[in-house]
Protein chains: 2
Amino acid sequence: MADLLENEPELVDAATESEDGRKRRSERSREQIIEAMFELVAQGELDPGAARIAEVANVSLRTVFRHFEEVDGLYQEMNRRVKEEVMPIVKAPFSSTNWRDTVLELVDRRSEVFERIMPYRVCGSIRRFRSAYLMQGHQDFVAMERSILDSVLPEEIRSNVVLEAAFDSVLGFDTWRRLRQDRGLSVEEARAAVRKLVEALLASV
Amino acid sequence: MADLLENEPELVDAATESEDGRKRRSERSREQIIEAMFELVAQGELDPGAARIAEVANVSLRTVFRHFEEVDGLYQEMNRRVKEEVMPIVKAPFSSTNWRDTVLELVDRRSEVFERIMPYRVCGSIRRFRSAYLMQGHQDFVAMERSILDSVLPEEIRSNVVLEAAFDSVLGFDTWRRLRQDRGLSVEEARAAVRKLVEALLASV
């Protein structure tokens with residue numbers, strides 16, 4: 001390895017730096033890389049490569065790879081932070097006392113969560129076909145959505161595969177993405193459309 | 001260019017070949033490339049690069065690029081053929097005589113079309129973030145779905161943005177993909193779930 005690294009200016013500097021200084025600088029690069037990634041995805045560059053991330057983070061390509069064995073590691077970190085951010089909303093207790101009102105409460109809660117995570121989740125859903133980790137991450141999201149819904153639905157609905165899936169798909173991320181991105185509805189309009197569907201479904205059972 | 005091509009065995013052969021022979025061989029490669037692409041996508045490799053396509057088509061990477069300026073050209077051709085295949089179903093007249101029954105007829109028709117195009121459309125939806133052409137192709141699909149729906153809905157529903165979008169999202173590809181791929185429902189179950197949603201929505205208006 002040593003001869004390969006000889007001409008890396010960062011590492012030449014590092015040789016004269018204290019252990020602590022190196023550590024601080026490395027942590028800073030790591031943060032810069034993650035921030036660059038969030039920034040790119042939030043701005044709609046949903047499939048940036050390592051080179052583009054290095055450019056925006058203002059670090060070398062090698063630094064990107066030094067921190068994350070492959071770019072998927074970056075997405076793993078992004079997923080972790082996104083989940084962490086929305087968990088307080090996801091885990092908050094419901095205020096409704098019957099299941100029908102709770103499902104409607106879930107509509108509002110999901111619209112809030114989906115709005116926050118939309119670009120990151122679309123990004124993950126693109127990249128999942130090139131990454132076993134991200135495919136698992138996508139499936140975890142789907143499973144989490146479903147398990148929360150199932151905790152709200154009464155047994156006779158939950159055990160009806162068709163009916164449960166109907167609720168699940170309307171309350172799922174894909175419906176939200178279609179309404180907001182493909183159809184260009186406002187948050188209010190998209191929420192009203194999901195609510196309309198859920199109310200119609202509730203009235204039918 | 002000539003010196004770059006000197007060592008390409010295919011082209012050395014080509015120099016001694018008749019004009020007609022070259023043309024036939026070129027057409028054959030083109031077909032092999034497109035077939036390889038269909039095969040890869042149908043088998044679930046939804047994001048194959050040019051190298052992988054060359055491997056399965058059993059042609060050189062250069063041959064892939066000679067036929068399609070960039071890989072997006074391949075996807076363009078794939079989209080065109082997929083559309084062509086489903087157009088007879090999409091354009092067939094409806095047999096129902098009132099709009100509510102026609103919407104239910106649309107549920108069955110969409111489930112048939114979506115089943116046929118699922119891997120190709122998922123493939124296009126992944127790659128669209130790297131290609132203006134495919135982004136347009138994705139939007140064309142969404143617009144086509146919507147315009148067929150709008151031709152069926154009566155004016156008072158069509159002009160209600162929230163209600164029209166509710167019908168559109170339930171009848172859209174994303175709902176189908178979620179039910180079939182993420183939730184693993186059978187074709188029959190997925191169709192029943194969409195039907196349940198559409199019936200509930202119809203009963204509410």
Side-chain angles (χ1 to χ4, degrees), chain A residues 41 44-49 119 122-123 125-131 135 138-139 141-143 145-146 160-186 188-205, chain B residues 41 44-49 119 122-123 125-131 135 138-139 141-143 145-146 160-186 188-205:
Chain A
V41 173
E45 280 195 42
L46 297 182
D47 201 10
V122 172
C123 161
S125 77
I126 302 164
R127 298 191 70 96
R128 72 182 195 270
F129 295 98
R130 278 172 278 158
S131 152
M135 187 55 95
H138 167 80
Q139 282 159 353
F141 266 124
V142 170
E145 279 172 26
R146 184 182 177 189
N160 180 327
V161 59
V162 167
L163 207 49
E164 192 253 8
F167 275 105
D168 178 58
S169 73
V170 167
L171 283 159
F173 179 73
D174 304 275
T175 295
W176 190 257
R177 196 204 58 73
R178 168 111 177 181
L179 294 168
R180 292 279 291 131
Q181 291 192 337
D182 290 338
R183 291 298 312 271
L185 264 58
S186 69
E188 277 319 308
E189 288 166 338
R191 196 195 335 250
V194 174
R195 207 179 165 92
K196 179 80 198 159
L197 282 161
V198 169
E199 281 170 344
L201 206 51
L202 286 172
S204 81
V205 297
Chain B
V41 173
E45 281 196 42
L46 297 181
D47 201 11
V122 171
C123 162
S125 78
I126 302 163
R127 297 192 72 95
R128 74 182 194 271
F129 296 97
R130 278 171 279 158
S131 153
M135 187 54 95
H138 168 80
Q139 282 159 354
F141 266 124
V142 170
E145 279 173 25
R146 184 182 178 188
N160 180 328
V161 58
V162 166
L163 208 47
E164 192 254 6
F167 275 104
D168 177 59
S169 72
V170 167
L171 283 158
F173 178 74
D174 304 276
T175 295
W176 191 258
R177 196 203 57 74
R178 168 113 179 179
L179 293 167
R180 291 278 291 129
Q181 292 192 336
D182 290 337
R183 290 298 311 271
L185 264 59
S186 70
E188 277 320 307
E189 288 166 339
R191 196 193 339 250
V194 174
R195 207 179 165 90
K196 180 79 199 159
L197 281 162
V198 169
E199 282 171 343
L201 206 49
L202 286 171
S204 79
V205 296

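Protein chains get the first letters and strands the later ones, always in sequence-line order, with residue 1 at the start of each. What you see is a predicted model; the values in this text were computed from it and never measured.
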One option among A/Gln139, A/Lys196, A/Arg195 has the most heavy-atom pairs under 4.5 Å with chain B, and it is A/Lys196

Contact origin within A/Leu163 toward chain B - heavy atom pairs under 4.5 Å: side chain

By salt bridge (Lys or Arg N to Asp or Glu O under 4.0 Å), which residues pair with B/Glu45, not counting sequence neighbours? B/Arg52

Can you tell which part of A/Val194 gets under 4.5 Å to a heavy atom of chain B, answering side chain, backbone, both or neither? neither

Part of A/Arg191 within contact of chain B (heavy atom distance under 4.5 Å): neither

One option among A/Ala143, A/Gly172, A/Ala165 has the most heavy-atom pairs under 4.5 Å with chain B, and it is A/Ala165

When you measure from the side chain of A/Thr175 to the backbone of A/Ser169, do you find a donor-acceptor pair of N or O atoms at a distance under 3.5 Å? yes

Using the test ring pair (Phe, Tyr, Trp, His ring centres under 6.0 Å), find all partners of B/Phe141 that sit at least two apart in sequence or belong to another chain. none

Mind ranking B/Val142, B/Val205, B/Asp168 by heavy-atom pairs under 4.5 Å with chain A and telling me who comes out on top? B/Asp168

Spell out, as yes or no, whether a donor-acceptor pair under 3.5 Å connects the side chain of B/Arg180 to the backbone of B/Leu185. yes

Name the option with the most non-hydrogen atom pairs under 4.5 Å to chain A; the candidates are B/Val162, B/Val161, B/Leu202, B/Leu179. B/Val162

Take B/Arg183 and A/Glu164, measure what salt bridge (charged side-chain N to carboxylate O under 4.0 Å, His left out) needs, and give me the verdict at the end. CA-CA 11 Å; B/Arg183 290 298 311 271; A/Glu164 192 253 8; 2.7 Å; yes

Just wondering, do A/Leu171 and A/Trp176 contact through their side chains at under 4.5 Å, heavy atoms? no

Toward chain B, the part of A/Ala203 with a non-hydrogen atom under 4.5 Å: neither

Decide yes or no on side-chain contact (heavy atoms from CB on, under 4.5 Å) for B/Asp182 and B/Arg177, but give the supporting numbers first. CA-CA 7 Å; B/Asp182 290 337; B/Arg177 196 203 57 74; 3.0 Å; yes

Taking every non-hydrogen pair under 4.5 Å, which of B/Glu189, B/Glu199, B/Arg146, B/Arg178 racks up the most with chain A? B/Arg178

